[in-house]
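Below you'll find the structure, written out as structure tokens, and then a few comments.
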Amino acid sequence: MRQLRLVMVACTIVTALWFTHASAQRPAPLGSATLYEGARLIVGDGNPPIEASAFLVENNRFTRIGRKGQIQAPAGATRVDLTGKTVIPGLVDGHSHIGYMKNLTSGAENYARENILDHMRRFAYFGVAASQAMGSDFGEMPFQLRDEILAGKHPDAARFLTAGRGLAPLSEISSDNMRQAAFPITTVWGARASVQELVPRKVKLIKTWVDDRGGSIKPLAPELYKAIIDEAHKNNLRVAVHATDLKQAKELLRANIDVFAHMISDVDDELVELFKLHPNAAVLSALGGPHRAVYAPWLNPVHPLIAETVLPEQIMRLQGRFPVKGEAIAPSQEAWDRLANGIARLQKAGVKIGVGTDGGGQQGDQFIGWTMHAELENMVMAGIPPAQVL
């Protein structure tokens, strides 16, 4: 538990640095410099933390790192005393659905520029430097907003990375879900054409869905997702997939998938060996939904950072849903144990693990920004050492 608390403390403290420097009211002017001194610095390169550190930021870039007293501030530089604080690398959320949640509602009616910006500002407040929206964006606005943020026009917002419209089978698309604007994929030609439509939008990632939703829908056929993967790779794009079934995961690895947007429901020896044959494939954790059913101490009492950023009625709604009580907790506990064991096993096997919160998703109340901190805690509780989580 001590290690767990250390991760949570470190993540909370980095928020202060991100909000102070990267989220200032305007970008630092060219030629400016700031020397930060006194913090315990976790660089994130595997080396031990630097106690009483010093690091210099010039023209909005880290240029020198060392110990306090070893780095001299340039003439006219600003000095910031971080004694007693811990600094970690900026956090990146690899899986989110931005712009849909607003107050107690979630839907395309909320999808607007100001709501997306509100979400990205919340990410920045919690120390999240960037978030990847996974296939639920539509129209030209998200690409324009992405470019504006990258150009520094919204310095109080985290970077908004968008995959644009996802690619889904007809069975996944509905007017009341976040696939409502997805490209409907029914033919190999259509799969390739949809990828090509995203290429000039300068996306880095294609999102697709290959899941039968517990047997309730017909998933994307292999010949269709293979065409998506092939066309994306021809254009130097990666493909992320919503697929949690063990058998489907194996087939997707054989088809050269790049990213699993959710943790796979189970892990066996064959899956581990397939990952070893595909060393560039990655898994995003997205453990928050399953785990909070059995573990959500930050709801009772409410963590101060949640109280500062989430409406009371949203908090009450989630308090009423989680954690699960009585006999009903057994299936949720079993699901969590299976996921935790699986992700720890993949990590030990050298599989690339990323953080993906599914923040803003329609399961509801994945509090934007805070969910990242809960996800880091979940990964530690699953058995991954804190230093490796960071």
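These numbers come from the heavy atoms of this one structure, side chains and all, not from hydrogens, waters or symmetry mates.
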For the student: nearest non-hydrogen atoms of Ala163 and Gln132, plus distance: N-NE2, 3.3 Å
Ser285 versus Met263, closest heavy-atom pair with distance: O-CB, 3.3 Å
Side-chain donor or acceptor of His278 paired with backbone N/O of Leu253 under 3.5 Å: yes
Test item: Arg159 side-chain N/O and Ala129 main-chain N/O as donor-acceptor pair under 3.5 Å: no
Heavy-atom pair with the smallest gap, counting every atom of Phe275 and Phe260: CZ-CE1, 3.7 Å
Exam field: side chain Asn115 to backbone Gly99, donor-acceptor pair closer than 3.5 Å: yes
Side chain to side chain donor-acceptor pair (under 3.5 Å) assessment of Glu251 paired with Tyr225: CA-CA 10 Å; Glu251 293 304 315; Tyr225 67 68; 5.0 Å; no
Side chain proximity check, Thr309 to Phe367, heavy atoms < 4.5 angstrom: no
Flag, side chain of Asp137 to backbone of Thr162, donor-acceptor distance under 3.5 Å: no
Pairwise ring pair (Phe, Tyr, Trp, His ring centres under 6.0 Å) hits with a residue in residues 147-192, at least two apart: none
Close side-chain approach of Ile228 and Leu220, heavy atoms under 4.5 Å: yes
Verify same cluster id: Val351, Val380 (apolar side-chain graph, 4.5 Å): yes
Backbone of Leu104 reached by a side-chain donor or acceptor of Arg317 within 3.5 Å: yes
Shortest non-hydrogen contact between Lys352 and Ala281, atoms and distance: CB-O, 3.9 Å
Heavy-atom neighbours of Glu313 CD exceed 12 at 6.0 Å: yes
Between side-chain atoms of residues 382-389 and protein atoms elsewhere (two or more places apart, or another chain), which donor-acceptor pairs fall under 3.5 Å?
residue	atom	partner	partner atom	Å
Gln388	OE1	Gln347	NE2	2.1

Nearest heavy-atom neighbours spanning Arg165 and Ala182: NH2-O, 3.6 Å
Side chain to side chain donor-acceptor pair (under 3.5 Å) between Tyr100 and Gln180, worked out: CA-CA 12 Å; Tyr100 280 75; Gln180 48 87 27; 3.2 Å; yes
Intermediate values then yes/no, salt bridge (Lys or Arg N to Asp or Glu O under 4.0 Å), Lys153 and Glu148: CA-CA 5 Å; Lys153 292 184 178 180; Glu148 289 176 12; 5.4 Å; no
Side-chain touch Arg179/Trp209, heavy atoms, less than 4.5 angstrom: yes
Backbone N/O of Gly288 and side chain of Glu375: donor-acceptor pair under 3.5 Å: yes
Ring centers of Trp298, His373 separated by less than 6.0 Å: no
Close side-chain approach of Phe55 and Val87, heavy atoms under 4.5 Å: yes
Distance-only criterion, 3.5 Å: show the donor-acceptor pairs between side-chain atoms of residues 334-342 and protein atoms not counting sequence neighbours.
residue	atom	partner	partner atom	Å
Asp337	OD1	Gln333	NE2	3.0
Arg338	NE	Ser265	O	3.0
Asn341	ND2	Asp337	O	3.1

Common cluster, Leu224/Leu198, ILVMFWY with side-chain heavy-atom separation under 4.5 Å: yes
Reported CG-to-NZ distance for the pair Asp230 and Lys234, which is rounded to 0.5 angstrom: 4.5 Å
Test item: Asn378 side-chain N/O and Ala374 main-chain N/O as donor-acceptor pair under 3.5 Å: yes
Sidechain-backbone polar pair: Asn177 side chain, Glu172 backbone, donor-acceptor under 3.5 Å: yes
Nearest-0.5 Å distance, CD1 of residue Ile257 to NE2 of residue His233: 7.0 Å
Check: Gln319 side chain, Leu299 main-chain N or O, donor-acceptor pair, under 3.5 Å: yes
Derivation and outcome, salt bridge (Lys or Arg N to Asp or Glu O under 4.0 Å), residues Asp212 and Lys247: CA-CA 12 Å; Asp212 65 3; Lys247 182 179 178 181; over 6 Å; no
Same cluster (ILVMFWY, side-chain, under 4.5 Å), Tyr111 and Val203: yes
Steps toward side chain to side chain contact (heavy atoms under 4.5 Å, CB included) verdict (Met134, Leu284): CA-CA 12 Å; Met134 277 286 193; Leu284 301 180; 3.8 Å; yes
Neighbour count above 12 (heavy atom, 6.0 Å) for Lys102 NZ: no
Heavy-atom check, side chain of Ile42 versus side chain of Pro49, under 4.5 Å: yes
Hydrophobic cluster membership, Val80 vs Leu56, 4.5 Å side-chain cutoff: no
hydrophobic_cluster_shared for Val272 and Val283, side chain cutoff 4.5 Å: yes
Worked verdict on Asp269 versus Glu273 for side chain to side chain contact (heavy atoms under 4.5 Å, CB included): CA-CA 6 Å; Asp269 292 342; Glu273 291 305 313; 5.5 Å; no
Any donor-acceptor N/O pair, His262 side chain to Thr244 backbone, under 3.5 Å: no
Minimum-distance pair of heavy atoms, taken over all atoms of Met101 and Gly360: CG-O, 3.5 Å
